[in-house]
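Written out below as structure tokens is the structure these notes cover.
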Amino acid sequence: MSNETTTDAGNDYRDTLFLPKTDFPMRGGLPKAEPKWIERWDEMRLYDRMREDAKARGAKPFILHDGPPYANGPIHLGTAMNKILKDLVVRGHQMLGYDASYIPGWDCHGLPIEWKVEEEFRAKGRGKDDVPGDEFRAACREYAAKWIEVQKQGFRRCGVEGDWDNPYLTMNFDSEAATVREFLSVAMSGRLVRGSKPIMWSPVERTALAEAEVEYHDRKVPVIWVKFPVKDVNFDLPDGMPSLDVDNDPEALRMLVDTEHVYDALMDASVLIWTTTPWTIPANQAVSFNPGITYGLYVVKDVMSEEELGFTPFAKPGDKFVIADALASNVFEAAKVSDFARLADIDPSTIASLSHPLNELSDFYKHDIPMLAGDHVTDDAGTGFVHTAPAHGEDDFLVWIANGYKASDIRDIVNQDGVYEHDELPEPLKGLDIIRTSGKKRGEQGKANPEVMRLLTEAGNLLSRGVTMIRDAHSWRSKAPVIRRATPQWFIAMDQAGSDGTAPLRDLALKALEDTAFVPPQLRNRITSMVADRPDWLISRQRNWGVPITLLVSPDGEPHTVALPADKANEVNTRILDAIAAEGVEAWFSADAATFLDGIEDPAGWEKVNDVLDVWFDSGTTHAFTLRDRGIIDEQTGQADVYLEGSDQHRGWFQSSLLENCATRGMAPYKTVVTHGFIVDADGKKMSKSLGNTVEPQQVADQFGIEILRLWTASSDFTEDLRISDDILKTNAESYRRLRNTLRYLLGALEGYSESEAVTREEMPGLEKWVLHRLAESDALVRKSYATFDYKRIMSAMLNFCGVDLSAIYFDIRKDSLYCDAPTDVRRRATRTVMSLVLERLLTWLAPIMPFTTEEAFLMSHFADRADSVHLLTFPETSASWLDAELASRWEKIFKVRRVVTGALEIERREKRIGASLEAAPEVYIEDAGLIAAFEGESAADLFITSGATLIHGTGPADAYRLEDTTGVSVVPVKASGIKCARSWKYFDPATADPAYPDITPRDAAAVKAIRSAA
RNA sequence: GGGCCGGUAGCUCAGGUGGUUAGAGCGCACGCCUGAUAAGCGUGAGGUCGAUGGUUCAACUCCAUCUCGGCCCA
């Protein structure tokens, strides 16, 4: 064919082509480049500049208040993701036009740091009691400061922008003073109560533990069945007593000798309990039952023999027990009873009292043991009765109080070391430890359990014993088991009205939650139900490293905030606050009560509280010393726009901050709560060191670059759990490549571009108008998505826009114009105008997600003279007038036809009839007049990237190419005729050529002339 | 064991007052280009929408149960 006549003179025209030219490299080299950008931003004081610029343009403030990570240990992927997400929120809002400040913070007090520091001292041979409090606290402060520095570097490496030079630290003196101030404000509101409750106590660390400080592990424990002999019953005797059910089992009745009535049998029976904590038996004060469970009186008829068992069972024929019916056979099996009979129904409320199983041992145990009704008793396991020691169990305490008994009558026989200590305890029990608190066997069972079991056996009240596994609370730090122990503690009451008549804290908090927006909305339930159900807030800790509970207790046991009249109390408070503001918390620890009372109240008999505050209280006040004290929000009525944390903080920081601000100011400290999920592996399993599926941020930074992690964060649905794996990161690296190359192509195509080249929308071809339409659509989507924290939507929109609209369609089609048209050609100028508008938007839209790459591209672009950094820009105004639905639907029609054409050409390629699409000049048959009209004014060949194209209104030959979903369109893939243009590679009729340039098309000839004459 | 939430192609995500063959990008396979080249273009194959049962003319979409997973709590 005529192809053979083509002269291959391509290189002759190469220098007349406008090929993309840019120094922006194809590959980012992120791991090396990123730290350099951070350095640059540092040097130019980018964060301060952003603040200044925002203030200068009168921007509205937008406050994301940072939830403080705990200052021990390096950052991990979860904390990195959390900070990146916050950075997306802050940068997104900054570019939306707000003054989006961000002050990072750290949580510095508390047990975990204290524990580490204790370890360090121990390593130097100094025990806990050898280190003075102030020295110890100084060491804790230093320890926290060290990790803050490490974490700060880690977060900065993630590209997180913020006021890193002025972060908030809960251990700063002004923070500590503010925390004390807030605490005293709560105390003065009358919501502070002193109580003695069984709380989780770690004998090893000699401290009370909060829920957050314990973890649950399986543990092997003894299990015992104990007899509580019936002491008295409630009914008159013996008249009116029901008879025993003799018909049921005459043989059983015969064994009861002279017993005919339930009364006699009951008085000879025992109520059976089952427990896994034998050491609590000496603290027993009641036995609980559930009125909803049916109970029976049982008699033992026969037991397994010593030969069968290898030991003598404790049960004997004739023994009588009251047990829940559902559990009787289980109990007898455990007691090695081979035969038994049920004698009667028993209503446990008719049992007036029981004897303590150690009754004979000491006068201490001669008292009556009452039967208490309680819902916590079940017949799932055990005996249907629950041994109740109100000092050592939450349920025990509650049922004790619910039945009208007094908290002050609760027997507290265990000291802070977990050792029995009480004057009236029988001698064998005194000084026994429950858990070993030192040595190699630290955390293991102490002497209490075995001795209690021995004494019970001796008393004949142990029916059976065994061993079982239970899931039980252990100290988070020492991993040792914890016990429940009644100790005096300070609480913030949830259900007590304020002294000024304001509603109880729970009501205030629930109301505040109603006024709060939640992202995702379904998570509102979570914190609401937690607040609705939570117990009073235990805020005291018997520790050293924390903000002191600055209370002085009167001789009557009342805190000064209650014991003194308000004016005097305030005077004391002022004195406390002044002291702490001047010298830090040591001012409290080193002083005595008189220091703060002298001249206001007679200090005789007053005591200073030496507990410290729960660290959750510290973090609950971060808004006070970070936002209010720095004047970022109004002291009384201000709220942060957003708190953003993981879902675990519904119990943590979201709640402590809520309760704190409700107690002091009656409202939530935030307008919106954004919750993210947790990072899991490719299979949706949580990350753990033991599973070996952890990913470290530094590792990602070194291998891929942090921007890939940011891309991953942005593209994930953070409201659920976020999956990550090497493959997932690789996928994001692919996305990055696509975005980077799009920027690169734009930069290359815009080489030498300036605004003077721009044309107006009216002058532009339809395709350019379509791109502007897409730009306007994307602008709306991007703005809305940044405002609603929906980054994954931005990512997918940008990927589609860059991959399909730009790369596959627009760039591909306009390549010819861009490379070959004369520079003055309106089409080419329109293309560059649109490309400039696209680049301007892509750079800013992507900047919050890809701060490094967009900065690099920005500084290489013709926009660089607008600002020193892309991050000093806002999203450019994008005219809604660019939206043109009619035009868009016209182009959808064109693209529909185009797909049929590319399909047809693909067949030709398969058959090796063509290679490049420019080798074709298809005939396109279109039945629908509307469809063909869509092409009016457009060059179909340009849009198809073919050398020619003929649109024909008609049906087309039967063997023409068709697509199933595009009816009425068929394509005959005619091969292009003529010669191949040496410049544009289009096939054309040589007869039309400019005689001076016979080997190129007239368009190319004109362009070459223009270029050469300009040169 | 309890509370809250979730389970759509290999991956990341769309979708719908319940109603024709469930979508996109990426990846994958195959092909093209060689003037975006460790790039670009095209075509194609991938889904019992976690499972089961129910409501309904019709369910991936509503209800129940189960299962798997996550956070919190015991």
Side-chain angles (χ1 to χ4, degrees), chain A residues 10-11 13-14 17-22 24 26-27 211-212 214 216 378 380-381 394-395 471-473 520 522-530 532-534 646-652 655 675-686 711-712 714-717 719-725 727-735 737-738 740-742 744-749 790 792-793 795-804 807-809 811-813 815-816 818-820 899 901-912 914-919 945 964-965 983-985:
Chain A
N11 284 335
Y13 292 101
R14 226 188 129 99
L17 252 22
F18 300 100
L19 297 177
K21 193 178 159 208
T22 175
F24 185 78
M26 188 136 70
R27 316 198 72 186
E211 283 296 345
V214 299
Y216 289 80
T378 68
D380 295 344
E394 178 85 25
D395 286 334
R471 222 170 147 65
D472 199 16
Q522 59 268 33
L523 271 272
R524 174 194 302 275
N525 281 349
R526 189 175 163 117
I527 189 168
T528 301
S529 69
M530 283 179 178
D533 294 342
R534 71 158 295 151
S647 57
D648 57 336
Q649 297 306 324
H650 281 253
R651 177 153 296 271
Q655 203 177 128
T675 309
H676 67 246
F678 275 67
I679 298 179
V680 295
D681 69 12
D683 301 321
K685 299 276 168 60
K686 69 167 152 195
L711 239 38
W712 165 81
S715 62
S716 299
D717 181 356
T719 66
E720 291 179 27
D721 290 330
L722 299 86
R723 287 174 191 241
I724 198 166
S725 68
D727 276 350
I728 292 172
L729 284 169
K730 277 181 189 151
T731 303
N732 281 285
E734 291 293 330
S735 303
R737 197 167 49 85
R738 178 26 70 78
R740 183 175 180 92
N741 273 312
T742 302
R744 179 168 188 263
Y745 190 73
L746 286 165
L747 288 170
D790 195 357
K792 59 180 163 38
R793 201 186 177 93
M795 280 301 295
S796 86
M798 288 301 102
L799 253 10
N800 266 289
F801 183 60
C802 290
V804 180
S807 195
I809 296 176
F811 293 169
D812 214 28
I813 292 172
K815 232 180 251 191
D816 173 70
L818 213 44
Y819 298 174
C820 304
R899 274 189 288 274
V901 174
T902 54
L905 297 187
E906 189 58 22
I907 304 286
E908 298 308 292
R909 249 194 285 270
R910 282 276 141 83
E911 301 298 328
K912 303 289 177 198
I914 63 166
S917 58
L918 283 176
E919 290 170 42
I945 320 180
E964 253 182 60
D965 61 355
R983 186 166 179 267
S984 67
W985 297 349

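Below, chains carry the letters A, B, ... as their sequence lines are ordered, and counting in each starts from 1.
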Worksheet item: So, does the side chain of A/Thr22 form a donor-acceptor pair with the base of B/A36 at under 3.5 Å?
Response: no
Practice prompt. For A/Glu720, check salt bridge (Lys or Arg N to Asp or Glu O under 4.0 Å) against everything at least two apart and list the hits.
Written response: none
Worksheet item: Among all residues two or more places apart in sequence or in another chain, which pass the side chain to side chain donor-acceptor pair (under 3.5 Å) test with A/Asp717?
Response: A/Thr719
Response to the item:
With sequence neighbours left out, the residues meeting side chain to side chain contact (heavy atoms under 4.5 Å, CB included) with A/Ser725 are A/Ala682, A/Asp727, A/Ile728
Discussion item. When you measure from the side-chain N and O atoms of A/Tyr13 to the phosphate of B/G35, is any distance below 4.0 Å, counting only OP1 and OP2?
Written reply: no
Discussion item. Treating primed atoms plus P, OP1 and OP2 as sugar-phosphate and everything else as base, which nucleotides of nucleotides 24-30 of chain B get B, S or - for protein heavy atoms under 4.0 Å?
Written reply: SSSS--B
Worksheet entry | Euclidean distance for P, B/C63 against B/U56 (whole angstrom) | 16 Å
Practice prompt. Return the nearest nucleotide to the side chain of A/Leu19; candidates are B/G40, B/G35, B/C72.
Written response: B/G35
Discussion item. Once salt bridge (Lys or Arg N to Asp or Glu O under 4.0 Å) is applied, do any residues pair with A/Arg744, and if so which ones, sequence neighbours excluded?
Written reply: none
Discussion item. Base, sugar-phosphate or nothing for A/Gly677? Non-hydrogen atoms, less than 4.0 Å.
Written reply: nothing
Practice prompt. Output all residues satisfying salt bridge (Lys or Arg N to Asp or Glu O under 4.0 Å) with A/Arg737, sequence neighbours left out; order by chain, then residue number.
Written response: A/Glu734
Worksheet item: Is the NZ or CZ atom of A/Arg983 positioned over A/Tyr819's six-membered ring, under 6.0 angstrom from the centre and within 45° of the axis?
Response: no
Worksheet item: So what does A/Gly915 hit on the nucleic acid, given a heavy-atom distance under 4.0 Å: a base, only sugar-phosphate, or nothing?
Response: sugar-phosphate
Practice prompt. Verify, without hydrogens or angle tests, whether A/Ser715 (side chain) and A/Met795 (backbone) share a donor-acceptor contact under 3.5 angstrom.
Written response: no
Practice prompt. When you get a sec, tell me which of B/U37, B/C72, B/G35 is the closest nucleotide to the side chain of A/Met26?
Written response: B/U37
Worksheet item: Who passes side chain to side chain donor-acceptor pair (under 3.5 Å) against A/Arg27, sequence neighbours left out?
Response: none
Worksheet entry | Closest to side chain of A/Lys685, choosing from B/G70, B/C72, B/U34 | B/G70
Discussion item. If you only use heavy atoms from C-beta on, which nucleotide in B/C5, B/G40, B/G3 is closest to the side chain of A/Ser807?
Written reply: B/G40
Response to the item:
Atom NE2 of A/His650 and atom P of B/C4 are separated, to the nearest Å, by 14 Å
Practice prompt. Taking only the side-chain heavy atoms of A/Ala808 (C-beta and beyond), determine which of B/G42, B/C72, B/A36 contains the nearest atom.
Written response: B/G42
Worksheet item: When all nucleic acid strands are considered with a 4.0 Å heavy-atom cut-off, which category describes A/Tyr745: base, sugar-phosphate, or nothing?
Response: base
Worksheet item: Just checking A/Lys815: base, sugar-phosphate only, or nothing, at a heavy-atom cut-off of under 4.0 Å?
Response: base
Worksheet item: Checking all strands, does A/Ser716 fall into the base, sugar-phosphate, or nothing category for heavy-atom contacts under 4.0 angstrom?
Response: sugar-phosphate
Practice prompt. Give A/Lys21 one of three labels, base, sugar-phosphate or nothing, depending on what nucleic acid heavy atoms sit under 4.0 Å from its own.
Written response: nothing
Discussion item. For a quick check of understanding: with a heavy-atom distance under 4.0 Å over all strands, which category does A/Asp717 fall into, base, sugar-phosphate or nothing?
Written reply: sugar-phosphate
Worksheet entry | Minimum-distance nucleotide (side-chain atoms of A/Lys912 versus B/G31, B/G70, B/G6) | B/G31
Practice prompt. Look at the side chain of A/Ser529 and the backbone N and O of A/Arg526, then say whether any donor-acceptor pair between them is shorter than 3.5 Å.
Written response: yes
Worksheet entry | Qualifying residues under side chain to side chain donor-acceptor pair (under 3.5 Å), relative to A/Ser647, sequence neighbours excluded | none
Response to the item:
The residue, A/Ser715 or A/Asn525, whose nearest nucleotide of RNA chain B is more 5′ is A/Asn525
Discussion item. Is there a side-chain contact between A/Arg14 and the phosphate of B/G35, meaning an N or O under 4.0 Å from OP1 or OP2?
Written reply: yes
Worksheet item: How is A/Ile728 classified with respect to the nucleic acid when contacts are heavy atoms under 4.0 Å: base, sugar-phosphate, or nothing?
Response: sugar-phosphate
Practice prompt. Assign each of A/Asp812 and A/Thr742 to its nearest nucleotide of RNA chain B by heavy atoms, then name whichever residue's nucleotide is nearer the 5' end.
Written response: A/Thr742
Discussion item. Is there, by distance only and without an angle test, a donor paired with an acceptor across the side chain of A/Arg723 and the base of B/C11 below 3.5 Å?
Written reply: no
Worksheet item: Base, sugar-phosphate, or nothing for A/Met530, non-hydrogen atoms under 4.0 angstrom?
Response: sugar-phosphate
Worksheet item: Sequence neighbours excluded, which residues qualify as salt bridge (Lys or Arg N to Asp or Glu O under 4.0 Å) partners of A/Arg723?
Response: none
Item to complete: Applying side chain to side chain donor-acceptor pair (under 3.5 Å), name anything that partners A/Glu908, two or more places apart in sequence or on another chain.
Response: A/Arg913
Listing time: all N or O pairs from protein to nucleotides 62-65 of chain B that are below 3.5 Å?
none

Worksheet item: Per the atom types in the model, does the base of B/A36 pair as donor or acceptor with the side chain of A/Arg744 at under 3.5 Å?
Response: no
Worksheet item: Taking both distances under 3.5 Å as the test for a Watson-Crick or G-U pair, what stems of at least three pairs does RNA chain B have?
Response: B:1-7 with B:67-73, B:10-13 with B:23-26, B:28-32 with B:40-44, B:50-54 with B:62-66
Discussion item. So, does A/Ser647 get its side chain near the phosphate of B/G70, meaning an N or O under 4.0 Å from OP1 or OP2?
Written reply: no
Worksheet item: What interatomic distance, in whole Å, is found between C1' of B/G42 and the corresponding atom of B/C62?
Response: 43 Å
Discussion item. Taking only side-chain N and O atoms of A/Gln522, does any of them lie within less than 4.0 angstrom of OP1 or OP2 on B/G6?
Written reply: yes
